[in-house]
Amino acid sequence: GNSVTQMEGPVTLSEEAFLTINCTYTATGYPSLFWYVQYPGEGLQLLLKATKADDKGSNKGFEATYRKETTSFHLEKGSVQVSDSAVYFCALTNNQGGKLIFGQGTELSVKP
Amino acid sequence: KAGVTQTPRYLIKTRGQQVTLSCSPISGHRSVSWYQQTPGQGLQFLFEYFSETQRNKGNFPGRFSGRQFSNSRSEMNVSTLELGDSALYLCASSGPRENTEAFFGQGTRLTVV
């Protein structure tokens, strides 16, 4: 079946550090891939997406590239800020009627 | 453009009771999905409705049900509440075309005591 695996957290970084959160997936066919972010007490916000192999999604300094050969969609940011502290979820959809499959989430804490 | 609206935001219920949660999607969106979020199980898909029809269902017991109205608003119902049903319930809407990204509401925090 389809599944998403994320690196475990929590991840603690200093401000301006480089961020990588690993995400790998298992899916048949050609899924679309997403990163969502959840701030405390809030719902999920779409951070970026990629719908086909080699696509790069980017938003607010975050980037992720859809790598079909390694079934990965790692999230990166060159210089994190305290305001980036949140939980990040990698997800996929495989044309299954709107069903999103999420990874377990990675909590990021950025210290000043 | 208004986002996805979920009501109520917080709810406390007693074991054995039933509860109904509401979700108003973004105007023009026809697909509404529901998810349960818990610390132990993470985000799990409950079901998805499209044009008033349940199109997909997750692996939850029959106590969890939903429906969608002609204006795309959706409700989910949980009967005979158990302590383990305590969770954040998230609704997402997408559309009008197929396979577009999902936009989430802020969720309903259900506590069963």
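The figures that follow rest on heavy atoms only: side chains count, while hydrogens, waters and symmetry mates do not. Proteins come first, then strands; the chains are lettered A, B, ... in the order of their sequence lines, and each starts at number 1.
The interface of residues 103-112 of chain A with chain B, defined by heavy-atom distances below 4.5 Å, is empty.
Contact of the T14(B) side chain with the L81(B) side chain is not registered, since no non-hydrogen atoms from C-beta on lie closer than 4.5 Å.
With rounding to the nearest 0.5 angstrom, the OG atom of S65(B) is 9.0 Å from the NZ atom of K57(B). With rounding to the nearest 0.5 angstrom, the CZ atom of F34(A) is 8.5 Å from the CG atom of L92(A).
The side chain to side chain contact (heavy atoms under 4.5 Å, CB included) check on Q37(B) picks up Q38(A), F89(A), L43(B), L88(B), L90(B), with sequence neighbours excluded. With sequence neighbours left out, R67(B) forms a salt bridge (charged side-chain N to carboxylate O under 4.0 Å, His left out) with E75(B). Remark: E63(A) engages K56(A) in a salt bridge (charged side-chain N to carboxylate O under 4.0 Å, His left out) (not counting sequence neighbours).
Contacts between R9(B) and chain A at a heavy-atom distance below 4.5 Å involve the side chain alone, from C-beta outward. Contact of Y35(B) with chain A is made through the side chain alone, with heavy-atom distances under 4.5 Å. Only the side chain of L46(A) comes within contact range of chain B, judged by heavy atoms closer than 4.5 Å.
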Q: For side chain to side chain contact (heavy atoms under 4.5 Å, CB included), just list the numbers for Y66(A) and Y25(A), CA-CA rounded to whole Å, side-chain angles, deciding distance to a tenth of an Å, and then say yes or no.
A: CA-CA 10 Å; Y66(A) 188 151; Y25(A) 67 90; 3.3 Å; yes

